[in-house]
Amino acid sequence: MLSEEQLSFYSKNGYLLLDSVFTPEEIEECSLEYNKLFQAKQNNRELEATWKGDWTPASKDSLKVLSIHNLQCHSAVFTRMLLNQRLVDAVSELIGSPNVLLHHTKAHVKPPGVGAPYPTHQDYHYFPFKNDSMVAAFIHFDDSDVENGGLAVFPGSHKLGPQENTSDVPTHFYVSQTKFPLEAATPIIAKKGQVVIFSYLLVHGSYQNTSNRFRRMLLLQMMSAEDEPLENVHVSPCQGMVLRGIKVKRNADNFS
């Protein structure tokens, strides 16, 4: 699936942008199902997912992000996305294991003009694992750039290990916004259908959507079956589902 050049790039930078993981037809089918799901839940107040904490800009009250978790529990279309052979083969190569398990899924929509930014952070703080095999597959359902609130990363930051959590709230974690300011990050310019796979140790964030375009994404978080959680946190429906290979027997005191 991946070339030596791609594997080297990922090892050095902690992320990789991929083409042709999903066919245009698969992306379009999922995009339509995605829209139906958000439309059906549009009046649900629990969709609001703007990041809390003292990092936020003064305009935070007028900004928003809409979010739905565990999409495979809503439609088989999303389950098929999880089981895409090209995706799980790529993840397998990047994490160095033939056995890939699901951790969780979620979708974020940044509406035009009012889509909130996300502070720079590491996913590690939400669900630390012993061997740090956790990766995210970030699937774009719209062309994405700085203007419509796209993803931004600090290449190579995954090699620094876990950074200090500087959040003032217990529900949302982020790193020092002085050490890792969003304006110093590298923007990921992606086309609809492209997939970014990145380490959960990679420092990343996303911009405010100041454009007249939506920014829709689907995030699939996966890990090696040989890895183990360090804390009993962030346990989601279908967690541990085998996406590739087998479920390896782990220590008896494992939380899963």
Side-chain angles (χ1 to χ4, degrees), residues 1-27 30 71-72 78-106 122-124 126-141 144 151-162 186 188-204 217-230 234 236 238-250 254 256:
M1 177 69 188
L2 302 177
S3 68
E4 288 299 322
E5 182 180 7
Q6 288 174 314
L7 291 170
S8 177
F9 183 93
Y10 180 84
S11 176
K12 178 182 178 181
N13 295 286
Y15 73 97
L16 186 64
L17 179 63
L18 294 174
D19 294 307
S20 304
V21 175
F22 299 97
T23 66
E25 291 77 19
E26 287 171 330
I27 290 295
C30 196
L71 282 84
Q72 72 282 358
F78 301 109
T79 304
R80 290 195 290 273
M81 297 289 280
L82 279 172
L83 297 174
N84 180 282
Q85 194 68 46
R86 294 178 295 276
L87 175 66
V88 294
D89 282 354
V91 169
S92 171
E93 291 187 57
L94 293 175
I95 68 176
S97 170
N99 308 307
V100 179
L101 304 184
L102 173 67
H103 191 267
H104 72 278
T105 70
K106 63 181 177 182
Q122 293 175 307
D123 294 340
Y124 167 88
Y126 287 91
F127 33 85
F129 269 67
K130 181 179 179 180
N131 299 323
D132 298 327
S133 68
M134 187 77 64
V135 297
F138 188 111
I139 305 168
H140 296 82
F141 288 120
S144 180
L151 182 69
V153 302
F154 280 84
S157 57
H158 66 303
K159 294 185 177 182
L160 301 176
T186 298
I188 302 296
I189 309 300
K191 295 293 185 182
K192 178 178 179 179
Q194 288 187 306
V195 179
V196 179
I197 300 177
F198 60 89
S199 165
Y200 83 153
L201 286 172
L202 185 73
V203 177
H204 62 285
M217 56 79 80
L218 172 62
L219 190 84
L220 314 177
Q221 208 97 29
M222 294 165 276
M223 73 277 195
S224 163
E226 292 83 4
D227 210 345
E228 302 177 23
L230 296 178
H234 208 296
S236 302
C238 306
Q239 191 170 112
M241 175 183 176
V242 181
L243 306 179
R244 188 184 193 278
I246 61 172
K247 191 164 189 176
V248 178
K249 182 176 176 58
R250 298 186 282 191
N254 186 8
S256 64

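Keep in mind that this is a model prediction, so the values were computed, not measured. Only this structure's heavy atoms are used, side chains among them; waters, hydrogens and symmetry mates stay out.
Listed for the S92 side chain is a donor-acceptor partner under 3.5 Å among the backbone atoms of S97. Judged by distance alone, the side chain of D227 and the main-chain N or O of S133 form a donor-acceptor pair under 3.5 Å. Judged by distance alone, with hydrogens and angles left aside, the side-chain atoms of R86 form no donor-acceptor pair with the main-chain N or O of M1 at under 3.5 Å. Of the possible donor and acceptor atoms, one in the side chain of N13 sits under 3.5 Å from a partner among the backbone N and O of F9. Proximity of a side-chain donor or acceptor of Q122 to a complementary backbone N or O of V203 within less than 3.5 Å is not detected. Under the 3.5 Å distance criterion, the side-chain polar atoms of S3 are matched with a main-chain donor or acceptor of Q6. Although no hydrogens or angles enter the test, the distance criterion places no donor-acceptor pair under 3.5 Å between the side chain of N99 and the main chain of K247.
To the nearest 0.5 Å, the span separating CG on L219 from CD1 on I139 amounts to 8.5 Å. Rounded to the nearest 0.5 angstrom, L102 CG and Q239 CD are separated by 7.5 Å. With rounding to the nearest 0.5 Å, the separation of NZ in K106 from OG in S236 is 9.5 Å. Separating the CG atom in L151 from the OG atom in S144 is a distance of 7.5 Å, to the nearest 0.5 Å.
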### Query
Hey, mind stepping through M222 and L243 against side-chain contact (heavy atoms from CB on, under 4.5 Å) and telling me if it holds?
CA-CA 9 Å; M222 294 165 276; L243 306 179; 3.6 Å; yes
#### Entry: Verdict with reasoning, M134 to D123, per side-chain contact (heavy atoms from CB on, under 4.5 Å)
CA-CA 9 Å; M134 187 77 64; D123 294 340; over 6 Å; no
### Task
For the pair S199 and Y15, evaluate side-chain contact (heavy atoms from CB on, under 4.5 Å) and give the outcome as yes or no after the intermediate values.
CA-CA 7 Å; S199 165; Y15 73 97; over 6 Å; no
### Query
Passes side chain to side chain donor-acceptor pair (under 3.5 Å), T105 versus Q72? Steps please.
CA-CA 8 Å; T105 70; Q72 72 282 358; 2.7 Å; yes
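Between Y200 and F127, the ring-plane angle classifies as parallel under the 30° and 60° cut-offs. Taking the six-membered ring where the residue is Trp, H103 and F129 present perpendicular rings, their angle passing 60° and hence far from 30°.
Put simply, the side chain of Y124 reaches to within 4.5 Å of the side chain of D132, judged on heavy atoms. Side-chain atoms of E93 and L16, non-hydrogen and from C-beta on, never get closer than 4.5 Å to each other. F78 places none of its side-chain heavy atoms less than 4.5 Å from the side chain of L220. A heavy-atom distance below 4.5 Å is not found between the side chains of D89 and L2. Between K192 and I27 the shortest side-chain heavy-atom distance falls below 4.5 Å.
Closest approach of F22 and E26 over heavy atoms only: CA-OE1, 3.3 Å. When all heavy atoms of R244 and P98 are compared, the pair lying nearest together is NH1-O, 2.9 Å. When all heavy atoms of A90 and I197 are compared, the closest pair comes out as CB-CD1, 4.2 Å. Here the closest non-hydrogen pair linking L202 and S157 is CD1-OG, 3.4 Å.
The ring of F198 has its center no closer than 6.0 angstrom to the ring center of Y10.
The pair K130-E226 fails the salt-bridge criterion, with no side-chain N (NZ, NE, NH1 or NH2) lying under 4.0 Å from an Asp/Glu carboxylate O.
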